[in-house]
Structures are given as structure tokens and as C-alpha cells.
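Reviewing the structure listed below.
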2 protein chains.
Amino acid sequence: MGEETSMNKLREYLEKRGIQPSFHRLKILEYLMTHRTHPTVESIYKALSKDIPTLSKTTIYNTLKLFLSKGIVWGLTIDENEMRYDFNTEPHAHFKCVKCGRVLDVSLELPLLESIEGHKVMETHLYLKGICKDCLKR
Amino acid sequence: MGEETSMNKLREYLEKRGIQPSFHRLKILEYLMTHRTHPTVESIYKALSKDIPTLSKTTIYNTLKLFLSKGIVWGLTIDENEMRYDFNTEPHAHFKCVKCGRVLDVSLELPLLESIEGHKVMETHLYLKGICKDCLKR
DNA sequence: ATTACTGCAAATACTTTGCATACCG
DNA sequence: CGGTATGCAAAGTATTTGCAGTAAT
């Protein structure tokens, strides 16, 4: 299974959702699928602009907004200042370390409600904050 | 029980936590205790500057940062762009309506963990997003 | 007198917008 | 050709910082 094949799969993935599979969009999608570190726009930009020097942050913002609207990614607001993006898999909770700043997945069941107290629920986010395993060791 | 008495209670509340009870701090604390609408810096500023024309946003930022560090308020990042502040009572979940923008309390039990997967947990936030009861009616 | 609180203005950081250019069917 | 994607620069918005003036102990 070469690079061609996997890129074709990504192309198909986007087309199935009515999105034109441009080069940049494919690369951003690939990055999100292979880096489950809840990257920010900044970190995606830093990583991809090495290989794609012409890539702009505007394109990343545009692409992520498009992906959000199609449900391809989730936006995490666990960070006070900047948005983080998570490729959409099964619902799971997130843990943010206040020391090293990383955001980690934790397997903790989310209450999956259709409605609560008369309000229609569309998204559920469970955020934990504290000190991660690695930082505790120091 | 007059206004004097309740202000004295607030003064006592701050002193007990090692905070000098300045006039501005008392007013901001009073606002947070009586307005459980998860206000932003902007909305606190708009509300209080009517009575206190000299009040600046910097002071509100300073005061909220101080209150956060003392555990008097919680910072909610349910909003993508701006921080909301919640007077610290028992843990509870929050619901944000994507139509009207309000953030409401909902009574839903939070998983209160001391640690998970080796990480030390210090804060837990459960955020729901959707369409509120009132907006559904329209 | 010393320390701490306040507030203006400037700086910073993230995100959005306007518009011209480039790409693609 | 015509519509869309891209990217630069500017604008917008939330927050922080530097610093000077003011109040409090």
C-alpha cells in the first residue's frame, strides 16, 4: 500500500463529503489523521510549511472551518486562548496538562444525551485539567 | 439586612482568602455572586461602569485573575473566543446555546476524579452545546 | 514611606475579512 | 471561460504588559 493509495483514500474521503480534494486540503487532512495531538493552527502550519513553503495560515483556517462544518474534525476549546482540532472519531474526554501544555486523550465515558432539561444537545465535551503523568515524575 | 451588612459579608469573604477588599473588588465579587449568567469581562464592564464610571477593563482582568488564582471563580472556555467566569459553587455542567449564545447551568453529574490514567486531575469541565429550550420554540 | 491598586495606552496573540491572483474543471 | 482555492495584508477582537498616578497602610 504505497503513498499513492493512501492519498487516493483521502481524496475519496473528502469527495464523499462534497469537498474538492485540493492538494492543501489533502495534506491538512492527512496531518490531522496521523497526528492525534490536538494540534493548533500554529502547529499545523509549522509542520506542513516545511514541505509546502507556499502554504499560508489563511488556508489552514479556511480548511479547518470547512472541515468543522462537515463534521470531519472537532474543535476543542480546552485551551484558554487558541482552538485545537481533533480528527472526529468516537467521543472521548480530553486532559490538559497545565505544566507542559499538552492535551491528551483519556478514556472516560461521556454522557451522550439527545436532550437535557428541554435543550437539544448537539455536542458534548469533557475537559480535565491537571498535571500529567510525565510532569508528575519531575 | 441592609446593603451595609451584605457588603461587610463580602469584605469578610475576601479577607478570609487573603485578598484586600478594595471597592472595585467588592463590586466585581458582588456582581459575580448575584449574576449567575457566566459573564464575560465585557459584560461585567458594561454592567458595572454605569455606576462606577472610572472602572477600567484592566482592573476587571486583574481582579478576575486574582479571583481565579484563589479559587473564588472558575474560568469557562466553552466560548470559542472569550473567557466566561462562574462564581465557584458546587461542580456542575454547562450548556451553551449556539443560537442565542447564552451559557446555562445544567444539573448533570461530573465525574469527580482525583486522577486518571496516572494524571493528577485538578479541574473538571463538562460542556454541552446545542439549541436551548427557548430557541427551540421559535 | 512603602506597598499595593488602578487605568491608560501600547503591545501581543488568535482569528477573520477584503481583495487580487492563481488554479482547475 | 467561470467558479473556486489560495495567500497576502489589513482589520478585528480578546487579553496582557509597561508604566505612571493614586490610594491605602
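Excluded from the calculations below are hydrogen atoms, water molecules and symmetry mates; all remaining heavy atoms, backbone and side chain alike, are included. Sequence lines set the chain letters: A, B, ... in the order given, protein chains first and strands last, and positions in each chain run from 1.
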Is the phosphate of D/dT6, meaning OP1 or OP2, less than 4.0 Å from a side-chain N or O of A/H24? yes

If you go through the side-chain atoms of B/S22, does one of them form a donor-acceptor pair with the base of C/dC5 closer than 3.5 Å? no

Expressed as a whole number of angstroms, how long is the span from A/F23:CZ to D/dT4:C1'? 18 Å

Expressed as a whole number of angstroms, how long is the span from A/K27:NZ to D/dT6:C1'? 17 Å

Nearest-Å distance, CD1 (A/I19) to P (D/dT4)? 14 Å

Report the distance from atom CG of B/L14 to atom C1' of C/dC5, rounded to the nearest whole Å. 14 Å

Note: contacts of residues 74-85 of chain A with DNA chain C (heavy atom, under 4.0 Å) are A/N81, A/E82, A/M83

Flag yes if more than 12 heavy atoms outside B/E80 fall under 6.0 Å of its CD atom; otherwise flag no. yes

Atom NZ of B/K65 and atom P of C/dC5: how far apart are they, to the nearest Å? 14 Å

Regarding A/E30 and A/S6, is there a side-chain donor-to-acceptor distance under 3.5 Å anywhere? no

Exceeds 12 heavy-atom contacts within 6.0 angstrom, atom NZ of B/K120: no

Whole-Å gap separating P (C/dT15) and CG (A/N62): 13 Å

Students often mix this up, so state it plainly: with edges at 30° and 60°, are the rings of B/H125 and B/Y127 parallel, tilted or perpendicular? tilted

Quick one about A/D86 and A/W74 (side-chain donor to acceptor, distance below 3.5 Å, no hydrogens or angles considered), yes or no? no

Want to settle it: does B/Q20 or B/Y61 sit nearer the 5' end of DNA chain D, counting the closest nucleotide to each? B/Y61

Below 4.5 Å, heavy atoms only, C-beta onward: do A/L108 and B/P111 meet side chain to side chain? yes

Return the NE2 to CD distance between B/H119 and B/E114, rounded to the nearest 0.5 Å. 15.5 Å

From C/dT6, C/dA9, D/dT6, nucleotide with atom closest to A/R25 side chain: D/dT6

Strictly below 4.0 Å, heavy-atom distances to any atom of DNA chain C: list the hits from residues 31-57 of chain A, or just say none. none

Can you name the one residue among A/L64, A/T37, A/N88 that meets side chain to side chain contact (heavy atoms under 4.5 Å, CB included) with A/L32? A/L64

Aromatic plane relationship, A/H92 with A/H38 - under 30° parallel, 30 to 60° tilted, over 60° perpendicular: tilted

Output the rounded distance in Å from CD1 (B/I60) to P (C/dC5). 16 Å

